[in-house]
> 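First, the structure itself, so that you have it in front of you.
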Amino acid sequence: MLDLKFIRENIEVVKNGIALKRAEDNIDAILALDNQRRTLIGEGEGLKAKRNDVSAKVGQMKKAGENADAVIEEMNSVKMRIQQIDEELKGVEEKLEELMLTVPNVPHPSVPVGTTPDDNTSIFEWGEKPVSDVPLKPHWDITSALGIIDFDRGSKVSGAGFPFYVGKAATLQRALINFFLDQASEHGYKELQAPIVVNKDSARGTGQIPDKEDMMYVATRDELYLIPTAEVPVTNFHRKETFEEKDLPIKYAGYTPCFRREAGSYGKDVRGLNRLHQFDKVELVKFVHPSTSYDELESLRTDAERLLQLLGLPYRVLLMCTGDMGFTQTKKYDLEVWAAGQQKWLEVSSCSNFEAFQARRMNIKFKSKETGKQEFVHTLNGSGLALPRIVAAIIEHYQTPEGKVIVPKVLQPYTRFSVID
RNA sequence: GGAGAGGUGUCUGAGUGGUUGAAAGAGCCAGUCUCGAAAACUGGAAUAGUCGCAAGGCUAUCGAGGGUUCGAAUCCCUCCCUCUCCGCCA
């Protein structure tokens with residue numbers, strides 16, 4: 001959510017941002033409601049001041065043994081008017097809040113203008129794509145031959161998109177989780193094991209509600225949401241808190257399963273491990289001083305990239321254009337790993353700066369030494385990394401002509417085997 | 001799940017429905033004292049909204065939301081959370 005005052009004072013900037021993100025422009029309606037709101041507040045507060053004043057007098061009169069009935073009678077009409085105004089104000093504020101939630105975050109000036117994924121800029125590419133005389137196989141062929149991922153039984157037990165990892169694939173997955181978490185703590189991220197269901201306030205805090213409500217599984221009986229990413233519980237960890245400036249930046253790494261309904265994406269890229277309803281992910285989250293958030297975004301990206309480099313997997317970095325960026329971000333990089341068997345890029349990380357957008361929704365602040373005031377922190381997050389697609393990339397990249405898979409060197413201490421066969 | 005107790009400012013902890021934004025103590029910041037520090041003393045210190053060029057004013061906030069009242073931290077209702085006991089259980 002943007003700051004209403006900021007909107008009021010930067011109408012053109014906000015409108016421009018909305019256009020760049022191709023969102024609905026409700027700014028004029030917002031400004032009108034804001035005016036209405038402030039008028040009502042003005043009138044209401046005047047009356048409340050009067051009420052407080054008179055009530056104090058009534059107290060004194062009663063103490064002095066005087067009769068206050070006339071004054072009380074007079075206050076009855078004031079009281080009713082206050083009630084009217086408060087009610088009207090509540091209605092206006094509800095409408096205003098609703099519209100405020102439709103205003104996307106304003107893209108950073110460094111973000112290229114564009115409308116579709118084709119307008120995203122590939123800014124960096126790393127690694128050698130493997131070349132082979134025989135065509136490389138997609139991972140699903142390899143895993144089914146090896147019997148290490150069981151999609152059919154997953155469908156039986158839960159449904160499409162909920163595979164079992166069997167034997168060495170399960171171990172590989174576990175190894176990756178530990179490897180990612182170890183790397184994260186080595187670079188200053190505190191490990192956090194988070195709840196994987198959250199309440200409504202938390203879902204709203206990070207912006208899944210209302211704009212991405214369809215993506216989540218909901219336990220309606222208890223009004224709990226299965227998290228689509230650890231970003232939700234980890235960022236909400238500090239909801240309604242104020243940091244000391246000297247404690248910033250604060251960095252967390254959280255491993256969780258993630259649940260996504262993926263409604264509407266059937267048929268798109270859904271083979272094998274490419275798109276699942278449940279998957280594992282290590283997420284990196286930062287709470288930072290506003291003045292450093294773009295530097296922190298770069299270092300976050302570096303932290304994610306390093307993992308791919310250590311695994312020896314070719315990847316590229318995309319700077320997302322204004323139109324393909326999410327609602328809540330000001331700047332976002334996607335990391336895509338090369339899936340050698342499928343001959344395509346798979347997104348495995350998305351590193352974003354939200355500036356104060358989430359912090360404002362969640363009321364996460366720090367006390368500024370400079371101004372003595374409380375200011376909103378900036379929040380960032382990025383995957384480090386999403387597991388199934390990494391497993392897919394490893395299997396496809398490190399496959400042998402015999403249909404085995406070599407385990408990347410850095411993972412071998414974790415798996416304690418060097419070949420999947 | 002059942003029964004009970006409770007949720008007040010950074011913390012501890014007062015608070016009979018009427019100058020209570022809220023006692024007191026601790027802690028924090030500044031000053032006095034000191035060569036310096038401690039102690040002592042003095043003073044300061046919440047957040048948000050709104051009006052104002054500003055100084056500052058006003059409004060709201062004692063778990064959350066409603067209600068009663070001229071007036072609510074204080075009374076009533078609903079919900080949330082914490083603690084104790086019981087039950088169930090990895």
Side-chain angles (χ1 to χ4, degrees), chain A residues 1-9 30-101 193-205 209 219-225 233 236-248 250 257 356-377:
Chain A
M1 179 151 53
L2 289 178
D3 181 16
L4 187 52
K5 215 180 275 173
F6 177 83
I7 295 178
R8 213 148 58 199
E9 287 159 12
I30 286 173
L31 292 172
L33 282 168
D34 180 40
N35 267 327
Q36 228 179 317
R37 168 181 154 265
R38 285 189 289 160
T39 307
L40 288 169
I41 287 175
E43 195 185 341
E45 289 192 347
L47 290 172
K48 281 175 189 170
K50 184 175 179 189
R51 180 191 64 189
N52 290 345
D53 207 43
V54 172
S55 291
K57 278 201 194 100
V58 170
Q60 284 171 6
M61 287 168 81
K62 290 212 164 174
K63 221 175 234 172
E66 294 170 39
N67 187 312
D69 288 354
V71 189
I72 290 174
E73 180 62 30
E74 187 197 333
M75 275 304 102
N76 267 322
S77 66
V78 172
K79 184 185 171 188
M80 278 179 38
R81 181 67 192 136
I82 288 175
Q83 239 163 30
Q84 262 175 22
I85 289 171
D86 278 349
E87 219 160 285
E88 208 176 321
L89 184 62
K90 197 175 158 193
V92 169
E93 283 185 331
E94 269 167 21
K95 255 186 271 173
L96 186 59
E97 169 87 8
E98 207 176 290
L99 290 183
M100 285 293 286
L101 290 173
Q193 193 164 96
I196 60 173
V197 294
V198 296
N199 60 28
K200 201 165 197 166
D201 284 342
S202 297
R204 193 180 292 115
I209 295 179
T220 49
R221 188 168 173 176
D222 299 292
E223 258 211 294
L224 291 169
Y225 297 77
N236 276 284
F237 187 58
H238 286 300
R239 177 149 48 91
K240 294 184 181 171
E241 292 183 21
T242 303
F243 300 116
E244 293 296 323
E245 185 168 7
K246 64 175 166 52
D247 294 334
L248 299 176
I250 293 171
F357 199 82
Q358 292 182 328
R360 191 170 293 110
R361 273 193 196 187
M362 281 184 280
N363 214 344
I364 304 176
K365 300 182 170 179
F366 71 97
K367 189 145 188 173
S368 166
K369 269 268 183 293
E370 204 179 318
T371 63
K373 289 267 173 201
Q374 299 200 12
E375 294 177 37
F376 291 109
V377 298

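Chain A is the first sequence line, chain B the second, and so forth, proteins listed ahead of strands; every chain is numbered from 1.
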> With sequence neighbours left out, write down each residue that passes side chain to side chain donor-acceptor pair (under 3.5 Å) with A:Arg239, or none if nothing qualifies.
A:Ser202, A:Asn236
> Between C1' on B:rU10 and CD on A:Gln374, what's the gap in Å once rounded to a whole number?
12 Å
> Taking atom P in both B:rU68 and B:rA73, what distance in whole Å separates the two?
16 Å
> Taking atom C1' in both B:rG9 and B:rU47, compute the distance separating them and give it to the nearest angstrom.
11 Å
> Both atom distances under 3.5 Å, Watson-Crick or G-U wobble: I'd like the secondary structure of RNA chain B as a dot-bracket string, with | for pairs made across strands.
((((((((.[[[..)..(.....]]].(((((.......))))).((((((....)))))).[[[[[..)....]]]]])))))))....
> Rounded to whole Å, how long is the line connecting atom CD of A:Glu97 with atom P of B:rG49?
14 Å
> Please tell me which of A:Asp3 and A:Ala49 maps to the more 5' nucleotide of RNA chain B, matching each residue to the nucleotide holding its nearest heavy atom.
A:Asp3
> According to salt bridge (Lys or Arg N to Asp or Glu O under 4.0 Å), does anything in residues 90-99 of chain A pair up with another residue at least two apart or in another chain? List the pairs.
A:Arg37-A:Glu93
> Looking at A:Pro233 and A:Pro195, what are the two nearest heavy atoms and their distance?
CG-O, 3.5 Å
> Between B:rA22 and B:rC80, how many Å separate the two P atoms, rounded to a whole number?
33 Å
> Enumerate all atom pairs, one protein N or O and one N or O from nucleotides 26-30 of chain B, separated by less than 3.5 Å.
none

> Looking at the side chain of A:Lys365, which of B:rG66, B:rU47, B:rU59 is the nearest nucleotide?
B:rU47
> Do any N or O atoms of the protein come closer than 3.5 Å to N or O atoms of nucleotides 50-53 of chain B, and which pairs are they?
from	atom 1	to	atom 2	distance (Å)
B:rU50	OP1	A:Arg37	NH1	3.3
B:rU50	OP1	A:Arg37	NH2	3.0
B:rC51	OP1	A:Arg38	NH1	3.2

> Can you tell me the distance, in whole Å, between the CD atom of A:Glu93 and the P atom of B:rG65?
13 Å
> Go through the structure and list residues passing side chain to side chain donor-acceptor pair (under 3.5 Å) with A:Glu245, not counting sequence neighbours.
A:His289
> Please give, in whole Å, the distance from B:rG71 P to A:Met61 CE?
16 Å
> Any side-chain N or O of A:Asn52 below 4.0 angstrom from OP1/OP2 of B:rA60?
yes
> For B:rG17 and B:rC75, measure between their C1' atoms and round to the nearest Å.
8 Å
> Atom CZ of A:Arg51 to atom P of B:rA72: distance rounded to whole Å?
6 Å
> Suppose we screen for side chain to side chain donor-acceptor pair (under 3.5 Å). Which residues come up paired with A:Glu241, at least two apart in sequence or across chains?
A:His238
> Restricting to pairs with a member in residues 76-88 of chain A, which pass salt bridge (Lys or Arg N to Asp or Glu O under 4.0 Å), not counting sequence neighbours?
A:Glu43-A:Arg81, A:Lys48-A:Asp86
> For nucleotides B:rA26 and B:rC62, find the distance between their P atoms and express it as a whole number of Å.
27 Å
> Between B:rA60 and B:rG71, how far is it from one P atom to the other, in whole Å?
12 Å
> Testing the basics here: between A:Ile85 and A:Leu40, what is the closest heavy-atom pair and its distance to 0.1 Å?
CG2-O, 3.6 Å
> Please state how far atom CD1 in A:Ile364 lies from atom C1' in B:rU47, giving the value in whole angstrom units.
17 Å
> Would you say A:Leu96 and A:Leu4 make side-chain contact, with heavy atoms under 4.5 Å?
yes
> Return the value, rounded to whole Å, for the distance between atom NZ of A:Lys367 and atom C1' of B:rA48.
14 Å
> Who pairs with A:Thr39 by side chain to side chain donor-acceptor pair (under 3.5 Å), at least two apart in sequence or on another chain?
none
> Provide the distance between the two P atoms, one in B:rG13 and one in B:rG87, to the nearest whole Å.
31 Å
> Over how many whole Å does the gap from A:Asp201 atom CG to B:rC81 atom P extend?
12 Å
> Can you give me the closest heavy-atom contact between A:Phe376 and A:Phe366, atom names plus distance?
O-CE2, 3.6 Å
> Show every donor-acceptor pair shorter than 3.5 Å between a side-chain atom in residues 356-364 of chain A and any protein atom, with sequence neighbours excluded, or say none if there are none.
from	atom 1	to	atom 2	distance (Å)
A:Gln358	OE1	A:Thr379	OG1	2.8
A:Gln358	NE2	A:Thr206	O	3.4
A:Gln358	NE2	A:Glu231	OE2	2.9
A:Arg360	NH1	A:Met1	O	2.8
A:Arg361	NH1	A:Arg204	O	3.1
A:Arg361	NH1	A:Ile209	O	3.4

> Does anything in residues 70-86 of chain A come within less than 4.0 Å of RNA chain B? Heavy atoms only, and list the residues if so.
A:Ile72, A:Met75, A:Asn76, A:Lys79
> With P as the reference atom in both, quote the distance from B:rU61 to B:rA72 in angstrom, rounded to an integer.
8 Å
> Below 3.5 Å is the cut-off: list the nitrogen or oxygen pairs between protein and nucleotides 17-19 of chain B, distance only.
from	atom 1	to	atom 2	distance (Å)
B:rG18	N2	A:Ser55	O	2.9

> If we only count heavy atoms from C-beta on, is the A:Arg8 to A:Asp34 side-chain gap below 4.5 Å?
yes
